[in-house]
A.B. asks: 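Structure provided below as structure tokens; questions to follow.
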Amino acid sequence: MYSPYFNGYVVYSSGCKACLRVEPREKASCRPNTNIKECEEMEINAVLSNFHPTYLLSPSSRSSVSSTAVATRTAHVSSSHQTRFSPPLFPKKQVLASASWLNINEANNPFKRAVVLSESYSEATELADIEWDNLGFGFIPTDYMYIMKCTQGGSFSKGELQRFGNIELSPSAGVLNYGQGLFEGLKAYRKDDTVLLFRPEENALRMRQGAERMCMPSPTVEQFVEAVKETVLANKRWVPPPGKGSLYIRPLLMGSGAVLGLAPAPEYTFLIYVSPVGNYFKEGVAPINLIIEHELHRATPGGTGGVKTIGNYAAVLKAQSAAKAKGYSDVLYLDCVHKKYLEEVSSCNIFVVKGNIISTPSIKGTILPGITRKSIIDVARSQGFQVEERLVEVEELLDADEVFCTGTAVVVSPVGSVTYKGKRVSYGFDGFGAVSQLLYSVLTQLQMGLIDDKMKWTVELGIL
């Protein structure tokens, strides 16, 4: 006899293997069943009728489906965006078992105690029903997110997967009032029946460095990487087909506890969500056009420009919006002291090519140490280029052979022109230049598992 409590009801499994008996606690009893088929349908409907509203059983919050359709695993509901199946989510340590529609073998459950999946979901390999050929860099809601919490001065413990949805924060949360928050960005790529991550441990290390600067506890590298793996596997049907894009992974670390006076928050939340994406710039792989900003600045010495805190990005919106209104793709910022040295684009690092020499601004506290930047430097050196990390003057752009940007979202993006104080310099390419094309090809083939990964940068998640 199996009799866990669930939402004020007792669930009994009696003589027949396919039966669940659901009754209020005060009336609970175990009785034999004579009609298995009738009993099974009655008990499943009884279970479903008493779920807490937060346990989503329908394909989306905008659609509904009968409990019988859910139980028989034949529900297909369309919305204006996509068709989604939302498997049931159960409270931790409360497991309902029915041989006809639930798998209670925890050893075979990739989400451990966080979720219990239907047989059809755990075995399904079908992709989400979206237009993969028309992916841009926009948010598309997926199935699951990962959440882990800890208190100030404490350590993060085991997190869990939850259905993707809104989160609750106090109006006095540290992240809302004082901007105590960091984020990361990395991607997953589909290769045949596997998914590849690209250098997730580098993101974990960068988050830890940023957390120290922002007076925040941070997950360990192992916790970060494991959480990324679990989140990607839970959303594996959203990983685009090869060549159609990637699954963008957004880890967040924020002061979620309430605090009124200026101080570190008393509680912190680590959260990961994902979204399938295509090209970041609307131009795709076409060259982008930059304008150099010499009055507004992205970062200052001694500030937080070298860590991936959320405030860095709100500060660039004014200049970026003005640039886009004039037809430019983005803004290239100069240092705030001398106003003549290159720093970075709004969310990308910058590289200048002259002959066999590739130059990029050195990391000195005001420039984000990009993981794609770091990877491109290693790839370029492996291809025989001389790479210099140093102060790069704005005048060097005027005489460059090529200019390109790097970042998680853009990977490698060629620069078609740069405008500085009304003077426009074009580089004469309809697409990539020879150097940026080579570096882009090598890096993306490494990320997608198309060439031998001698760098040992990719992490394979296994058979889907």
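In this text, all values refer to a predicted model and were calculated from it rather than measured experimentally.
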A.B. asks: According to side chain to side chain donor-acceptor pair (under 3.5 Å), who are the partners of S441, at least two apart in sequence or on a separate chain?
C.D. replies: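 Per chain and number, S441 pairs via side chain to side chain donor-acceptor pair (under 3.5 Å) with Q437.
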
A.B. asks: Should Y313 and K308 be marked as a side chain to side chain contact (heavy atoms under 4.5 Å, CB included) after you check the CA-CA gap, both sets of side-chain angles, and the distance that decides it?
C.D. replies: CA-CA 9 Å; Y313 297 86; K308 207 168 176 65; 2.9 Å; yes

A.B. asks: Okay, side chain of E393, backbone of K340: is any donor-acceptor separation there less than 3.5 Å?
C.D. replies: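 Not confirmed, E393 side chain does not pair with K340 backbone.
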
A.B. asks: Report yes if the distance between the aromatic ring centroids of Y440 and F404 is under 6.0 Å, otherwise no.
C.D. replies: no

A.B. asks: Please answer whether the main-chain N or O of G384 pairs with a side-chain N or O of N356 as donor and acceptor at a distance below 3.5 Å.
C.D. replies: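 It does hold such a pair.
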
A.B. asks: Within a reach of under 6.0 Å around NZ of K354, are more than 12 heavy atoms found that belong to other residues, nucleotides or ligands?
C.D. replies: yes

A.B. asks: Parallel under 30°, tilted from 30 to 60°, perpendicular over 60°: which one fits the rings of F270 and F224?
C.D. replies: tilted

A.B. asks: Rounded to the nearest 0.5 Å, how far does SG of C348 lie from CG of D330?
C.D. replies: 6.0 Å

A.B. asks: Using salt bridge (Lys or Arg N to Asp or Glu O under 4.0 Å) as the criterion, list what pairs up with E184, not counting sequence neighbours.
C.D. replies: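 Scan of E184 (salt bridge (Lys or Arg N to Asp or Glu O under 4.0 Å), adjacent residues dropped) gives R206.
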
A.B. asks: Please check this pair: side chain of E344 against backbone of L368, looking for a donor-acceptor N/O pair closer than 3.5 Å.
C.D. replies: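 Looks like yes, one N/O pair under 3.5 Å.
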
A.B. asks: Measuring only between side-chain heavy atoms, which start at C-beta, is P251 closer than 4.5 Å to N203?
C.D. replies: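 They are not in side-chain contact.
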
A.B. asks: Any side-chain to backbone donor/acceptor pair from T220 onto Q223? Under 3.5 Å, distance only.
C.D. replies: yes

A.B. asks: For Y273, check ring pair (Phe, Tyr, Trp, His ring centres under 6.0 Å) against everything at least two apart and list the hits.
C.D. replies: F139

A.B. asks: Between the side chains of S436 and E402, is a donor N or O closer than 3.5 angstrom to an acceptor N or O?
C.D. replies: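 E402 and S436 do have a side-chain donor-acceptor pair below 3.5 Å.
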
A.B. asks: So which heavy atom on I367 is nearest to which on S362, and how close?
C.D. replies: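 Scanning both residues completely, I find the closest heavy atoms to be CD1-O, 3.5 Å.
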
A.B. asks: Could I get the full list of salt bridge (Lys or Arg N to Asp or Glu O under 4.0 Å) partners for K324, not counting sequence neighbours?
C.D. replies: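 Partners of K324 under the salt bridge (Lys or Arg N to Asp or Glu O under 4.0 Å) test: none.
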
A.B. asks: Measure from the side-chain N and O atoms of N235 to the backbone N and O of T231, and report whether any donor-acceptor pair falls under 3.5 Å.
C.D. replies: yes

A.B. asks: Would you compute the distance between atom OG1 of T406 and atom CG of L443 and round it to the nearest 0.5 angstrom?
C.D. replies: 9.0 Å

A.B. asks: Test of understanding: with side chain to side chain donor-acceptor pair (under 3.5 Å), list the residues that count as partners of N177, not counting sequence neighbours.
C.D. replies: none

A.B. asks: To the nearest 0.5 Å, tell me how far L253 CG sits from M216 CE.
C.D. replies: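 Going from CG on L253 over to CE on M216, the span is 3.5 Å.
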
A.B. asks: Looking at R298 and E343, is any side-chain nitrogen of the basic one under 4.0 Å from a carboxylate oxygen of the acidic one?
C.D. replies: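 No.
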
A.B. asks: Does S417 offer a backbone N or O that forms a donor-acceptor pair with the side chain of R424 under 3.5 Å?
C.D. replies: no

A.B. asks: Going by distance alone, is a donor N or O of one side chain under 3.5 Å from an acceptor N or O of the other, for E230 and Y144?
C.D. replies: no

A.B. asks: Look only at the side chain of S275 and the backbone of I140, and say whether a donor-acceptor pair between them is shorter than 3.5 Å.
C.D. replies: yes

A.B. asks: Counting distance only, does the side-chain N/O of N349 pair as donor-acceptor with the main-chain N or O of P369 below 3.5 Å?
C.D. replies: no

A.B. asks: At their closest point, which heavy atom of V392 faces which heavy atom of T360, and how far apart are they?
C.D. replies: CG2-C, 3.9 Å

A.B. asks: Under the ring pair (Phe, Tyr, Trp, His ring centres under 6.0 Å) rule, collect the residues that match up with Y146, sequence neighbours excluded.
C.D. replies: none

A.B. asks: When rounded to the nearest 0.5 angstrom, what is the spacing between CZ in F432 and OG in S413?
C.D. replies: 7.0 Å

A.B. asks: Identify, with sequence neighbours excluded, every residue that meets ring pair (Phe, Tyr, Trp, His ring centres under 6.0 Å) alongside Y248.
C.D. replies: F137

A.B. asks: With sequence neighbours left out, write down each residue that passes salt bridge (Lys or Arg N to Asp or Glu O under 4.0 Å) with E396, or none if nothing qualifies.
C.D. replies: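 For E396 the salt bridge (Lys or Arg N to Asp or Glu O under 4.0 Å) partners, ignoring immediate neighbours, are R390.
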
A.B. asks: Locate the shortest heavy-atom distance separating V259 from A265; write the atom from each residue and the value.
C.D. replies: CG1-CA, 4.3 Å

A.B. asks: Should the heavy atoms of other residues, nucleotides or ligands under 6.0 Å from NZ of K149 be counted, would the total exceed 12?
C.D. replies: yes

A.B. asks: What distance separates M254 CE from L169 CG, expressed to the nearest 0.5 Å?
C.D. replies: 5.5 Å

A.B. asks: For F156 and P219, work out which heavy atoms get closest and say how close.
C.D. replies: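 Looking at all heavy atoms of both residues, the shortest contact is CD1-N, 3.6 Å.
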
A.B. asks: Just to verify, what does N134 make a side chain to side chain donor-acceptor pair (under 3.5 Å) with, not counting sequence neighbours?
C.D. replies: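 For N134 the side chain to side chain donor-acceptor pair (under 3.5 Å) partners, ignoring immediate neighbours, are E131.
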
A.B. asks: The criterion is side chain to side chain donor-acceptor pair (under 3.5 Å); which residues satisfy it with T372, sequence neighbours excluded?
C.D. replies: none

A.B. asks: For residues R381 and V387, report the shortest heavy-atom separation together with the two atoms involved.
C.D. replies: NH2-O, 3.2 Å

A.B. asks: Any idea which heavy atoms bring A380 and L439 closest together, and the distance?
C.D. replies: CA-CD2, 3.7 Å

A.B. asks: If the condition is ring pair (Phe, Tyr, Trp, His ring centres under 6.0 Å), which residues does Y333 pass it with, not counting sequence neighbours?
C.D. replies: none

A.B. asks: With E389, which residues qualify under salt bridge (Lys or Arg N to Asp or Glu O under 4.0 Å), at least two apart?
C.D. replies: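 Here the qualifying residues are R373.
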
A.B. asks: Rounded to the nearest 0.5 Å, how far does NZ of K187 lie from OG of S246?
C.D. replies: 4.0 Å

A.B. asks: If you measure from the Lys or Arg side-chain nitrogens to the Asp or Glu carboxylate oxygens, is any gap between D133 and K244 under 4.0 Å?
C.D. replies: yes

